[in-house]
Amino acid sequence: MAGLRTVGAIVLTLVVLALLGTGVTLLVAGAMTAMVATFAIREKEVRGQAVTLALGLPVALAAVALGSLLNSRIIAGDLFFIALIFGAAYARRFGDRGTALGLIGFQVYFVSLFVHATVATLPELFLTLAVAFGCSAVVRFAVFPDTPERTLARLREAFRARMAQLVATHREVVDAGPEEIDGVLDDLRRHTARLHETALMIQGRLEEGTRDAATAALLQRRVADAEIAAERLGMTLLNARSAERTDTLTLHLPHAPVPATANRMRSEGDAVATLRRDLDALALLVARAPGDRGTAVAHVRNRLLGYRDEDNLPRGSGAVQDAFRALGEAARAVLGLRLALDGPQDESDDTSATTRSREEFDAEDLAIFGAEEDEEDERTGLQRPTTRAAFQVAVGSALAIVGGEFLSTQRWYWAVLTCWVVFLNTASTGEVLVKGYRRLVGTVLGVAAGVALAGLVGNHTWTAFVLVLLCVFGGFFTAPLSYALMSFFVTAMLGLLYTLLNTYSVATLVLRIEETALGAACGIIAAAVVLPVHTDRRTDEHLAAVLDRLREAVSAAVAQLSGGPAVDLLTLARDLDTALNDLRDSTQPLVHPITPLRVRRQTARYLVALLETCAYHARSLAATAELLPASRSVAADPRLGRVGRRIASNIELISARVQDQPADGEVEAGASIASLLDAGDSPVPPSHTVTFRVLRHLQRLDEGVVGIARALDVPVTGRAGRKNV
């Protein structure tokens, strides 16, 4: 959508300017301004987008006017450019609007340098910028409207598609042979991760895309239920085909092997045939359109929901029956998601199992909590990331201007642009290094493409503009996937723009590579010298945040499962997922293929995988505890309290060691959860009960926390052997 919106704004701008008889130079300026005016604005509310776009026009006019006035005053122009860069980076502290206005000011000033704007051309430039902003507004608000509700609707469809992909992979797990299971397991990991990413995107848009906080909380709960149920179904299928229980880490650690390569399910006969049929039925329920109703769909739904009752389970081993139970829970989650998204449905064909599921949903809806306010960043002065980045990018840009002038007195601004962009969405020296490397690689490949395209285009102006539009779309489409690919399309586009301006030459594109390398180097130097934030420090901060959120979520869930008061557990789980996502981003420099520190790369991957596993179990505990007030199958167990306290104490000790805080004691890896509970008056519950599932989540969580401690060299005490649950 971002690519279509940007290309649409450029096309409309070119059409209007062409009808006005504008020259090629102003066509290029208008196209670049329309692109900036479209992609810079990221606010979610339509009203906010309109206000920012309206404020962006005077900012753009002021930037191009100053660029024209200072074009011939080298020192004054350079000093102003540095001040503008500092201000644009500092403005990010004011949120999306500040970021957008700063980006517009910087990029439009860059446009004035690119087209060599002068005072004499200012009236035409002002008209061009006004047309570009107007066309951007038309495309944004009329042609491709971007309302929160529309975005949420697209994300809902994306979640449905991702879940359908995951269920299809579950079907492959059942039949995969020893030579196929590794590839299927890779697909299972990938689709599980993508479902989780989509769930996070939906949760980030809920408050703006729904009517009220209660509706947002309801959707948040249903999306979390569906994600957890789908992930649990994958785990039970892996357990059913393995000779020993599969660790949850298998779903989160790349290249983690399945305990046994032989498929034990092939000996189950009729039960596995039924499982195949019902996985196909679940895929049908997930993929069906919102208005698709009828007796066939109701029959499939009722059959799958029936597996929530023990009497309806097919005969088979305990692991296969666990898979059918997970299938029933997944069908229940799909039903809950349908009710939340599409409203009430026909209940005439419901069985008792389906009616019970609906009654559970009705009872849960009465206990919905409102969304909490986001915490404000209490850091001030140079501790604020935006302030630090502003000083870094200003120093780096000053170096880039000086170095760029030595390379070329006409194209020096390419070095400044590279220095600017490597600081966008980065927060540590390692991230700047990786982004600079990716930009350089994309630029080198883009230069080769630019040379080829320029030779093909020749003097065909409108053919060049069409290829420019394709490059713009390619850049925006690939931006979330690969920064190197985006840089490739941008550089190829520049080769075409130089052709349009009659300034193309191979030497110019080679100079582009040199200026890019210089700008990246200046950015890396500034990040390493000026108020540096080392990657280790940043990852430690995020790791501590994840551990704190994990402790809060687990403690609250276990407290509620122990009979404590009800709290907003799913919000705590969402905060944990957000913190974990931040940690995953901050470790990118450590796990990048170019890093020479192989041991650290393996440790970082292992830690993130362990934390993802712990987050999965924490989400599952939170979802189960949320059922407690209205469920007839989940009951509070006071014995869980001391288990939760031990896990929370271990997490707190690890967090203190990560933050170099004084912490006495060692992480306790004592008796298994089952042994602790069996020491009480009541025995451990049967394996098919929800309570047993809670115990299994707790034990896996306990083992994951101990694994994190060992990976971080935190002392661990206690017995190594543990009784499995």
Side-chain angles (χ1 to χ4, degrees), residues 160 163-175 222 225-237 239-241 265-266 268-362 364 623 627 631-634 687-690 693:
R160 186 167 66 105
M163 192 166 181
Q165 289 177 339
L166 183 56
V167 174
T169 309
H170 291 157
R171 177 68 168 76
E172 295 177 10
V173 169
V174 175
D175 293 326
R222 296 294 176 254
D225 286 345
E227 180 193 354
I228 292 166
E231 192 164 5
R232 179 171 178 265
L233 177 59
M235 284 305 306
T236 58
L237 292 173
N239 285 330
R241 62 167 290 130
M265 281 195 290
R266 292 184 175 179
E268 295 285 345
D270 293 341
V272 175
T274 303
L275 184 61
R276 292 191 189 97
R277 179 199 66 183
D278 289 333
L279 283 170
D280 292 336
L282 179 62
L284 171 66
L285 287 182
V286 171
R288 71 184 179 93
D292 186 7
R293 301 174 183 178
T295 55
V297 172
H299 174 73
V300 168
R301 181 192 63 213
N302 293 337
R303 187 178 75 240
L304 296 182
L305 288 173
Y307 292 140
R308 300 185 66 215
D309 295 329
E310 292 297 312
D311 295 339
N312 295 330
L313 293 176
R315 291 185 178 181
S317 64
V320 170
Q321 287 192 331
D322 273 347
F324 279 103
R325 294 186 187 100
L327 197 57
E329 294 299 330
R332 178 188 184 276
V334 172
L335 174 62
L337 201 57
R338 288 286 178 183
L339 290 172
L341 295 175
D342 305 327
Q345 301 178 3
D346 184 11
E347 303 178 15
S348 58
D349 296 320
D350 284 359
T351 60
S352 58
T354 306
T355 301
R356 177 163 65 89
S357 296
R358 292 187 191 276
E359 291 174 349
E360 290 175 353
F361 289 132
D362 291 339
E364 290 172 26
L627 300 175
S631 177
R632 290 178 290 179
S633 60
V634 185
S687 61
H688 64 268
T689 62
V690 176
R693 188 192 312 167

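Keep in mind that the numbers below use all heavy atoms, side chains included, and drop hydrogens, waters and symmetry copies. For this chain, numbers begin at 1 and follow the sequence in order.
Side-chain contact between Arg241 and Val174 is absent, with no heavy-atom pair separated by less than 4.5 Å.
In this structure, Arg160 contributes its side chain and Ala287 its backbone to a donor-acceptor pair below 3.5 Å. Side-chain atoms of Arg301 do not come within 3.5 Å of backbone N or O of Leu335 as any donor-acceptor pair. Gln321 places a side-chain N or O within donor-acceptor distance of the main-chain N or O of Pro314, the cut-off being under 3.5 Å.
In this structure, CZ in Arg308 is found 4.5 Å from CD in Glu329, a value given to the nearest 0.5 Å. How far CG of Leu279 is from OG1 of Thr169: 11.0 Å, rounded to the nearest 0.5 Å.
Put simply, the residue from Thr236, Leu327, Leu237 that forms a side-chain contact (heavy atoms from CB on, under 4.5 Å) with His170 is Leu237.
Not counting sequence neighbours, Glu172 has no partner by the side chain to side chain donor-acceptor pair (under 3.5 Å) test. Partners of Ala226 according to the side-chain contact (heavy atoms from CB on, under 4.5 Å) rule, which considers only residues two or more places apart in sequence or in another chain, are Phe159, Met163, Ala333, Leu337. Listed by chain and number, the residues in a side chain to side chain donor-acceptor pair (under 3.5 Å) with Asn312 amount to none (sequence neighbours excluded). Judged as a side-chain contact (heavy atoms from CB on, under 4.5 Å), and not counting sequence neighbours, the contacts of Ala164 are Val286. Annotation: salt bridge (charged side-chain N to carboxylate O under 4.0 Å, His left out) contacts of Arg303 (sequence neighbours excluded): Asp278.
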Would Arg325 and Asp322 count as a side chain to side chain contact (heavy atoms under 4.5 Å, CB included) if you check the C-alpha gap in whole Å, the side-chain angles of each, and the deciding distance to 0.1 Å?
CA-CA 5 Å; Arg325 294 186 187 100; Asp322 273 347; 2.6 Å; yes
Test side chain to side chain contact (heavy atoms under 4.5 Å, CB included) on Leu233 and Leu166; report intermediate values, then the result.
CA-CA 10 Å; Leu233 177 59; Leu166 183 56; over 6 Å; no
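Contact between Asn239 and Ala319 at its shortest, heavy atoms only, is O-CB, 4.1 Å. In terms of heavy-atom proximity, Leu285 sits nearest to Val334 at O-CG1, 4.1 Å.
Listed by first then second residue, pairs satisfying ring-ring contact (aromatic ring centres under 6.0 Å, His included) with a partner in residues 313-338 read Tyr307-Phe324, not counting sequence neighbours.
Remark: Arg277 does not engage Asp280 in a salt bridge, criterion side-chain N to carboxylate O under 4.0 Å.
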